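On a predicted model such as this, the values are computed, not experimentally measured, just so you know.
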Amino acid sequence: MAAPASSAGFGGMSSDNAKGLALAVSSSAFIGASFIVKKMGLRRAADSGVRAGYGGYSYLVEPLWWIGMISMIVGEIANFAAYAFAPAILVTPLGALSIIISAALAHSILQEKLHTFGILGCALCVVGSITIALHAPQERDIDSVKEVWDLATEPAFLSYAAIVVVAALVLIYFVVPQHGQTNIMVYIGVCSLLGSLTVMSVKALGIALKLTFSGVNQLYYPQTWAFALIVATCVSTQINYLNKALDTFNTAVVSPIYYVMFTSLTIIASVIMFKDWDRQNPTQIVTEMCGFVTILSGTFLLHKTKDMNDSTGPTLSTRRPKHASQNAFAIEILPLKYQDVADDETLPLSLPKADNRYLMEDLPLRYKDLNMA
């Protein structure tokens, strides 16, 4: 029995796609806020126990962490429902909204500075996501969860799933102990790899529940419960390593990187399993790839922003006086042998960089005479 065709909504969008869009947007709002609330809970828990980044679980008794967890669950439920109505290539990129929300809240609440280039990076992520969403393929008609199982057990997707599982196990057992605390890509890599399998299973469950509520019971199929088991296993692992990432690294960086990796792998999984690109022309596919490049550019800017914020100061080869102006010229004109003397002097803070005479007039007389000689 075929599923009923969706009626057209506003702007030519089907009613199912419109529902999926609304659910995905609300999901991003809840999930974006949950990153911040959970980070606040992790900080409080770290004051009274072992930090999550070092294997501690004291956050489990912290109410604030549970509020963030509930917010994330609500967002994931909305996201779960969205996948039942719209294709993954439409739903997943809308997670970019959670980047904007979490980055803005981290800047204002957690005092995690977001550089101007970080804001530009967030904007690029959103533009790329919108580009992908506008050229997303139509959802294929599926009449039973058994059809999804048949798609999941084809050689191409089985190969992808095997690669993902092996890569995740290698990261967990060999890379995390050595580099988990220093490389942000390790924890997020585990979450993103398993996340792509989670989304495919969530979509299968969403389709099963949607068909069940419409009168075609799918709960007696063992495939439905197999997908449910995959979801439970992958989600529990993702939560554990996402907590480690949030506790160890800057939230404004964790959120967008996780989004980009998760979105990229999910779309790849969807293309392999549901053969989305088989129903698109080359122009649409190239446009979607341009969207990917735009998102990756935004992530690069966010990475550079983190490096700038984490800078500890000038290199050993450049010695600046304690109270020196930020104007580089003020440092260059002082002879090296007098820099120690200048440590106790306060140089003017508003000197023009291009004109030497303003600086020379304000320097102590002994420095000016030495430089005039």
Side-chain angles (χ1 to χ4, degrees), residues 24-47 51-54 59 62-76 78-79 93-129 180-189 191-192 195 238-263 295-312:
V25 171
S26 62
S27 169
S28 295
F30 280 106
I31 292 174
S34 75
F35 277 104
I36 306 307
V37 180
K38 286 175 68 178
K39 181 76 178 257
M40 294 169 65
L42 289 169
R43 284 184 174 181
R44 289 190 180 182
D47 294 337
R51 294 179 57 177
Y54 291 94
Y59 59 85
E62 175 56 51
L64 201 57
W65 183 86
W66 281 106
I67 292 174
M69 192 65 198
I70 292 170
S71 176
M72 176 169 280
I73 291 172
V74 171
E76 293 295 350
N79 205 42
L94 293 177
L97 295 177
S98 66
I99 295 177
I100 303 303
I101 294 169
S102 62
L105 291 178
H107 181 77
S108 59
I109 296 177
L110 300 181
Q111 305 303 315
E112 294 181 355
K113 184 174 177 57
L114 184 62
H115 194 272
T116 303
F117 287 120
I119 297 173
L120 178 58
C122 290
L124 287 174
C125 289
V126 173
V127 170
S129 299
Q181 292 291 317
T182 57
N183 192 326
I184 192 173
M185 304 302 291
V186 177
Y187 291 145
I188 296 179
C191 296
S192 302
Q238 285 177 256
I239 290 172
N240 182 34
Y241 285 94
L242 183 58
N243 281 333
K244 292 178 183 293
L246 285 172
D247 189 54
T248 307
F249 302 101
N250 191 311
T251 306
V253 179
V254 170
S255 180
I257 295 176
Y258 176 51
Y259 163 77
V260 170
M261 291 187 64
F262 169 74
T263 301
I295 293 174
L296 293 175
S297 300
T299 306
F300 173 78
L301 284 178
L302 287 164
H303 259 304
K304 298 305 291 183
T305 298
K306 182 183 78 71
D307 293 339
M308 293 169 65
N309 289 341
D310 290 343
S311 178
T312 56

**Request:** Name all residues meeting the ring-ring contact (aromatic ring centres under 6.0 Å, His included) criterion together with Phe262; count only those two or more places apart in sequence or in a different chain, and write none if there are none.
**Result:**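 Applying ring-ring contact (aromatic ring centres under 6.0 Å, His included) to Phe262 gives Tyr258.
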
Between [atom1] on residue [X] and [atom2] on residue [Y], distance to nearest 0.5 Å:
{"X": "Ile239", "Y": "Lys38", "atom1": "CD1", "atom2": "NZ", "value": "6.5 Å"}
{"X": "Tyr187", "Y": "Ile257", "atom1": "OH", "atom2": "CD1", "value": "14.5 Å"}
{"X": "Arg43", "Y": "Glu62", "atom1": "CZ", "atom2": "CD", "value": "13.0 Å"}
{"X": "Lys39", "Y": "Asn250", "atom1": "NZ", "atom2": "CG", "value": "6.0 Å"}
{"X": "Ser108", "Y": "Ile36", "atom1": "OG", "atom2": "CD1", "value": "8.0 Å"}
{"X": "Thr248", "Y": "Gln181", "atom1": "OG1", "atom2": "CD", "value": "4.5 Å"}

**Prompt:** What closest approach, in Å, do Phe249 and Asn183 show between heavy atoms, and which atom pair accounts for it?
**Reply:**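 Nearest heavy atoms, Phe249 then Asn183: CZ-C, 3.7 Å.
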
**Request:** Taking all non-hydrogen atoms of both residues into account, name the closest pair between Ile188 and Met261 and its distance.
**Result:**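 Scanning both residues completely, I find the closest heavy atoms to be CG2-SD, 3.9 Å.
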
**Asked** Are the side chains of Asn243 and Trp65 in touch, meaning some heavy atoms are under 4.5 Å apart?
**Response**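 SC-SC contact between Asn243 and Trp65 confirmed.
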
**Request:** Answer whether the closest heavy-atom distance between the side chains of Ile73 and Glu76 falls below 4.5 Å.
**Result:**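 Answer no - side chains too far apart.
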
**Item:** Verdict with supporting geometry, Leu242 and Leu246, side chain to side chain contact (heavy atoms under 4.5 Å, CB included)
**Value:** CA-CA 6 Å; Leu242 183 58; Leu246 285 172; 4.3 Å; yes

**Item:** N/O donor-acceptor pair under 3.5 Å between Ser34 side chain and Met69 backbone
**Value:**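 Side chain of Ser34 to backbone of Met69, a donor-acceptor pair under 3.5 Å: no, none is there.
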
